[in-house]
Structure formats: C-alpha cells, structure tokens
Amino acid sequence: MISRFEKEILVAHALGLTRAQLIAKRTDELDAALYQPLLDRRAKHEPTAYIVGYQPFWGLDFIVDRSVLIPRPETELLVEKVIESYSHYLPAGRHGALPVTRISMADIGTGSGCIAITLAKNLPNVTVIGVDSSKEALKIAQKNAEYHGVADRCRFITGDMLEEFTTKAPRRQETQKLDIIVSNPPYIPTEVIETLEPEVKDWEPRQALDGGKDGLNYIRKLIVNAPNHLSIYPSGSLFLEIGFHQGPAVIELAEQTGRYSDIKIVKDLNGQDRIFTARVK
Ligand code: GLN
C-alpha cells in the first residue's frame with residue numbers, strides 16, 4: 001500500500017506542481033496519463049525517493065539515484081551529535097566568533113554526501129573529505145555539494161575507507177590528521193538483508209547495506225584504524241551510526257583498542273542504540 005502522502009508527492013512531481021497546488025486541484029483536472037506511470041513504478045516497490053530523484057534530509061533536498069543509499073531520518077541524529085561537539089574544536093574563548101581555524105572531517109562511505117554536506121553547510125569553518133568506493137555515488141555527492149553551495153569545502157575521493165589517509169597513500173594531501181571522522185557504514189548482517197522490505201533489499205545498493213556476517217565488518221575497521229588518523233590536540237572524535245543491537249559489541253571493540261576515552265552510545269527516538277561516539281586518547 002502506498003501512503004496518501006507518497007502518492008501526493010508522486011502525482012505532484014509528475015504534474016510539475018507543489019503538493020499544496022495539487023491539493024487545491026480537483027481530481028478531474030489532473031491528467032492520469034502523466035502520473036500513472038509513477039504510481040505503477042511505486043507499486044513495484046521502487047522507493048519514492050528514486051522515482052522523484054531526491055530525498056529530504058535535515059531540511060535539505062538531496063539528489064539521489066540507485067547508486068546511493070536513500071538518506072534516513074536516523075542519520076540526522078549522527079549529524080546532530082557532530083554539530084553538538086563542534087565547540088570542542090574552536091580555540092578557547094573564540095566560541096561564536098568568526099571562523100578562525102579549519103576543522104577537518106572525513107565522512108567514510110559518503111554515498112549521496114548527505115552527512116558531509118549537511119555538516120559543511122551548518123559548520124562554517126569545516127572542510128570535509130567524503131570517501132566512497134563507488135564512483136557513481138561520488139558523482140551524486142558532488143552534484144549535491146554544488147547544489148547546496150558547499151563544493152568549495154567538500155571534496156570527494158574514491159577509496160577504501162581510511163586507506164586514503166595513510167602515509168603510504170600517493171595523494172599526500174590526504175595524510176593530514178583529522179579532527180572528526182564520521183560514518184554511517186553498512187552495518188546490516190548479510191543474512192538479515194533478505195528479510196528487509198523490497199524497497200530496501202531490491203532497490204538500494206547492497207554494498208551500502210551489507211556489513212558482513214555479524215554486520216560489524218566496516219565498524220570494526222573504523223574503530224581499529226580511526227585513532228591513527230585523528231588529531232591528538234584537540235582530541236579527535238569518531239562518530240558512527242550503528243545497528244540497534246550492536247551497542248555492546250561496539251563498546252567492547254572500542255575498549256579493546258585501548259585508544260579511546262569518552263566512549264558513548266546514543267539511543268534514537270525509539271530508544272534503540274544508534275550512535276557510537278568516542279574521543280581518541
Ligand atoms: N553516508 C550516506 C548516508 O548516510 C551513505 C551511507 C551508506 O551508504 N551506508 O546516507
């Protein structure tokens with residue numbers, strides 16, 4: 001069943017109207033030949049965001065296609081936690097003053113770029129490097145950065161997670177230390193994917209969802225490697241979105257490294273574990 005809300009979005013999109021304009025029209029004024037194909041696509045479980053080509057996130061519209069995960073409301077909590085931590089990176093006594101330092105962030109598995117771009121847009125002296133293994137995804141992220149006017153402070157590079165930031169990497173500019181590493185990595189256990197709704201399992205990119213046998217493949221790598229790339233002063237932070245059942249395992253992984261302090265799990269609005277945050281020691 002398609003909700004009335006989604007139906008309105010699709011019909012309005014097909015007819016080039018806003019939702020408000022659509023609601024003001026009588027049904028017999030609408031040309032079904034224009035909008036019916038879109039409803040047919042939705043009936044085959046294609047997500048509305050792919051049909052209309054955008055998805056709202058943090059009050060901004062992000063361009064999406066099948067090469068990127070559709071931004072989720074849960075991920076707004078991840079962005080919120082990064083924004084809350086921001087004053088830690090400003091020089092003492094300068095809070096609220098004009099931007100004076102550059103705060104460098106990396107968004108690992110940037111996809112549509114929704115995290116990187118929202119942060120760049122809300123935090124003026126931040127520069128973000130978005131990394132993704134998919135060149136197709138990075139094209140979308142670049143378009144989004146341009147659309148939102150932050151392309152000068154967002155750079156998108158293909159790569160394998162944090163590999164691009166090691167001193168061995170040929171691109172020397174990537175070897176600087178980072179103040180913040182943020183990621184919404186694939187974290188769904190492989191065998192759970194088949195149980196998800198068709199909108200997700202049949203339409204969204206598998207590589208953006210599949211976190212391996214226990215769902216922790218990417219999270220594990222990020223927790224182990226992030227301290228090598230985070231600045232020590234002011235102490236850099238790692239922010240991760242995690243699965244609702246993964247809190248205890250993720251805390252244990254972080255504690256085992258012995259390299260973090262202030263390890264925290266933040267719960268989402270449903271009271272489920274959702275965000276991991278920690279500072280490097
Ligand atoms: N960073 C993107 C998002 O949060 C993509 C994440 C992913 O592909 N796992 O939507």
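Just so you know, ligand 1 is whichever comes first in the structure, and atom 1 is the first atom listed for that ligand. Computed over heavy atoms, backbone and side chain alike; hydrogens, waters and symmetry mates excluded.
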Minimum-distance pair of heavy atoms, taken over all atoms of I63 and I140: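 Scanning both residues completely, I find the closest heavy atoms to be O-CG2, 3.2 Å.
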With respect to [X], determine whether any N or O atom, backbone or side chain, lies less than 3.5 Å from an N or O atom of ligand 1.
{"X": "A208", "value": "yes"}
{"X": "N184", "value": "yes"}
{"X": "T75", "value": "no"}

Before you tell me yes or no, could you show the steps for R19 and E6 under salt bridge (Lys or Arg N to Asp or Glu O under 4.0 Å), namely the whole-Å CA-CA distance, both residues' side-chain angles and the distance that decides it to 0.1 Å? CA-CA 10 Å; R19 261 185 78 228; E6 283 187 75; over 6 Å; no
Could you measure the distance from the CG atom of L240 to the CZ atom of R274? Nearest 0.5 Å is fine.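 That separation rounds to 12.5 Å.
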Taking a cutoff of less than 4.0 Å between a non-hydrogen atom of the residue and any ligand atom, is C114 in contact with ligand 1?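 For ligand 1, residue contact (heavy atoms, under 4.0 Å) with C114 is present.
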Which atoms of ligand 1 are found less than 4.0 Å from any heavy atom of T110?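 Near T110, the atoms of ligand 1 are 1 (N), 2 (C), 5 (C).
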Identify which of P71, G109, G111 has a heavy atom lying nearest to atom 1 (N) of ligand 1.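 The option holding the nearest heavy atom is G109.
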Pair R42 + E199, salt bridge at N-O below 4.0 Å: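 Salt bridge flag = yes for E199 with R42.
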Return the orientation label for the F62 and F57 ring planes: parallel under 30°, perpendicular over 60°, tilted otherwise.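 F62 vs F57 ring planes: perpendicular.
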